[in-house]
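Taking it in order: structure first as structure tokens, then the write-up.
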Amino acid sequence: MNDILPGEVETWQFLEREAHRIFQLYGFAEIRVPVVEKTELFCRSIGETTDIVEKEMYTFDDRSSNSLTLRPEGTAPVMRAFIEHKMHALDPISKLYYLGPMFRYERPQKGRYRQFHQIGAEAIGVDDPMMDAQVLAMLCHYFEAVGIDSVELHVNSLGCRECRPQYREALTGYLENRLQSLCADCQRRYRTNPLRVLDCKVPTCQEATTDAPSVLDLLCSDCDVHFKQVQQHLQKLGISYTINARMVRGLDYYTKTTFEMVTSQLGSQNAVAAGGRYDGLIQDLGGPALPGIGFAMGVERLVLMKGEQGVEAPRPDVFLAALGDAAGDEAFALMHRLQHLGLRAEMAFTGKSLKAQMRRAGKLNARYVVILGEEELASGEAQLRDMDNKDQQPVSLAGIEQALADKCRLC
Ligand code: ATP
Ligand code: MG
């Protein structure tokens with residue numbers, strides 16, 4: 001679990017700001033749900049035999065012996081809230097997004113942490129493939145907006161409750177003869193959740209499954225048509241994608257379209273965003289039979305990808321350097337007025353030498369410095385120094401707020 005410190009937090013704020021901006025362009029509204037839910041919610045939605053539920057959840061009993069879990073993902077809590085507040089009664093289509101911490105007891109490494117953050121979106125109530133394409137278009141738009149271009153969109157279809165069992169059977173048959181080559185985890189997955197074997201990061205497991213049957217060959221006609229239409233819509237929008245028939249997701253609720261935004265920059269933590277359709281989930285959780293599709297992006301991985309081109313903290317517009325008590329009082333009041341005008345204004349709160357105050361202004365990278373001493377107070381004119389070109393001019397104290405506001409609007 002990490003602290004996010006000034007210097008890095010600006011990149012986080014930028015990524016969050018762009019999420020609000022882009023998602024709202026597509027008519028998504030923010031929803032904020034608690035970080036703790038009843039354990040049962042995740043067992044029922046994510047699936048008992050997934051890695052998350054089997055070994056990654058932070059689960060505890062509260063003082064009334066209710067089993068609670070720190071949310072490992074956002075979709076199930078959002079669906080719980082959607083059902084609980086009967087949101088479908090207000091509007092048959094709900095487009096929601098969320099931001100916040102998630103918790104999984106995983107082995108920490110680059111791009112994988114125990115408290116991590118996701119930005120996610122969910123579109124509920126539309127099963128048309130056009131909505132799949134819309135959600136993917138929004139995801140791609142976000143990556144463009146934040147300037148991360150070294151990613152590829154991978155898409156697949158996992159079929160539905162009708163056709164997935166046939167695929168599961170075909171895959172189990174294929175794996176049966178290769179059990180010896182699979183890692184211990186996959187030998188277990190073979191029995192509990194064979195699709196997950198395709199997602200294993202162990203090289204021998206990947207080799208053993210290179211010729212595994214493709215889920216796309218066994219889709220029922222409904223799923224097949226849906227997947228083809230999603231692709232046609234993506235093509236019409238000029239969105240490039242790669243079909244990856246090996247892509248399975250680590251959560252059981254997915255149906256039909258699934259997708260990942262992948263990168264080669266983060267080693268085996270190659271998925272920066274992931275999601276898919278979950279047409280049976282809301283009903284399984286006791287809600288109406290409404291379809292849905294969504295995704296979640298890992299913010300830590302986005303931050304890693306922004307890397308060197310991180311976002312800088314805004315520089316102060318003006319630093320007030322004051323000499324003497326009377327000038328200090330005047331500067332303090334002026335700073336307050338400037339802050340209310342919307343300028344980032346700073347001063348040294350201790351009676352330091354002019355040299356020390358100029359050093360601090362330099363360290364903070366202030367755009368302008370106002371120098372105010374006894375003499376300036378008496379004459380009614382302070383010195384205004386442009387820290388970028390070192391130009392220094394007298395400026396009337398009466399008009400200084402306006403002068404600074406005008407300059408800083410330009411800078
Ligand atoms: P992975 O295959 O990398 O384990 P996942 O399939 O478990 O990912 P999801 O549950 O779909 O991932 O979560 C969506 C996104 O959240 C991932 O693509 C990733 O960017 C991010 N993510 C998931 N787990 C972690 C973690 N432990 N630390 C940081 N980011 C994570
Ligand atoms: Mg995982």
Side-chain angles (χ1 to χ4, degrees), residues 1-4 8 12 15-16 19 35 42 45-47 49-58 69-79 97-122 135-136 139-140 142-143 146 148 150-156 158 185-186 189 193 195-202 205-206 244 246-255 257-278 281 292-306:
M1 298 188 183
N2 296 310
D3 300 308
I4 304 158
E8 194 191 13
W12 284 72
L15 293 168
E16 290 164 3
V35 290
F42 299 112
S45 54
I46 299 171
T49 58
T50 56
D51 283 1
I52 296 180
V53 172
E54 273 182 349
K55 52 186 192 191
E56 296 174 358
M57 295 203 305
Y58 281 91
T69 293
L70 297 183
R71 61 182 187 193
E73 58 105 49
T75 302
V78 170
M79 295 311 131
Y97 73 92
Y98 59 87
L99 306 81
M102 307 293 161
F103 304 84
R104 294 184 197 175
Y105 188 80
E106 300 202 70
R107 193 169 69 77
Q109 53 198 289
K110 186 180 175 196
R112 195 176 292 287
Y113 313 97
R114 291 182 171 176
Q115 174 172 338
F116 62 101
H117 296 76
Q118 288 185 336
I119 300 178
E122 316 287 354
V135 166
L136 287 168
L139 180 64
C140 294
Y142 179 80
F143 276 83
V146 300
I148 298 179
S150 48
V151 283
E152 252 181 51
L153 175 63
H154 284 193
V155 297
N156 192 20
L158 287 182
D185 266 342
C186 282
R189 288 176 187 136
N193 204 343
L195 267 67
R196 279 298 275 171
V197 175
L198 296 177
D199 196 32
C200 183
K201 310 221 156 69
V202 176
C205 295
Q206 294 192 352
N244 177 359
R246 290 179 58 93
M247 186 182 62
V248 291
R249 308 283 315 120
L251 304 92
D252 280 355
Y253 51 62
Y254 286 119
T255 53
T257 316
T258 53
F259 51 92
E260 284 185 351
M261 218 27 131
V262 297
T263 173
S264 53
Q265 284 178 15
L266 301 176
S268 64
Q269 275 56 258
N270 67 347
V272 204
R277 211 167 239 296
Y278 43 83
L281 177 62
I293 177 167
F295 63 79
M297 307 187 280
V299 186
E300 282 78 2
R301 294 186 193 178
L302 294 173
V303 170
L304 281 167
M305 292 198 68
K306 282 296 282 179

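Just so it is clear, the values below take in all heavy atoms, side chains as well, and ignore hydrogens, waters and symmetry mates. Counting starts at 1 for both ligands and their atoms, following the listed order.
- At least one side-chain heavy atom of Cys200 sits less than 4.5 Å from a side-chain heavy atom of Arg189.
- Salt bridge status for Glu73 with Arg104: absent, with no side-chain N to carboxylate O gap under 4.0 Å.
- For a threshold of 3.5 Å applied to N or O pairs, the pair formed by Tyr113 and ligand 1 contains at least one separation below that value.
- Scanning Arg104, His117, Arg114 for the heavy atom closest to atom 24 (N) of ligand 1 points to Arg104.
- The proximity of Val272 to ligand 1, defined as any non-hydrogen pair under 4.0 Å, is limited to the backbone.
- Annotation: side chain of Tyr105 is not in contact with side chain of Lys55 (no heavy-atom distance under 4.5 Å).
- Listed by atom number, the atoms of ligand 1 under 4.0 Å from Ala271 heavy atoms are 17 (C), 18 (O), 19 (C), 20 (O).
- For atom 8 (O) of ligand 1, the choice among Arg107, Arg301, Gln269 with the nearest heavy atom turns out to be Arg301.
- Counting the atoms of ligand 1 from 1 in the order shown, those under 4.0 Å from a heavy atom of Ala273 are 18 (O).
- Ranked by closest heavy atom to atom 13 (O) of ligand 1, the top entry among Gln109, Gln118, Glu73 is Gln118.
- In this structure, Thr50 and Arg196 have side chains that are not in contact, with every pair of non-hydrogen atoms separated by 4.5 Å or more.
- Heavy atoms of Glu106 found under 4.0 angstrom from ligand 1 belong exclusively to the side chain.
- With a 4.0 Å cut-off on non-hydrogen atoms, Glu260 does not touch ligand 1 at all.
- Checking side-chain atoms of Asn156 against main-chain N and O of Met247 turns up a donor-acceptor pair under 3.5 Å.
- Two residues are said to be in side-chain contact when any heavy atoms from C-beta on lie closer than 4.5 Å; Ile148 and Lys306 meet this criterion.
- Taking 4.5 Å as the limit, every side-chain heavy atom of Glu56 sits out of range of all side-chain heavy atoms of Pro72.
- Shown here for Met261 and Cys140, the closest heavy-atom pair between the two residues is CE-SG, 3.8 Å.
- Around atom 2 (O) of ligand 1, the closest heavy atom drawn from Met247, Lys201, Arg249 belongs to Lys201.
- Each of the atoms 14 (C), 15 (C) of ligand 1 lies under 4.0 Å from some heavy atom of Ala296.
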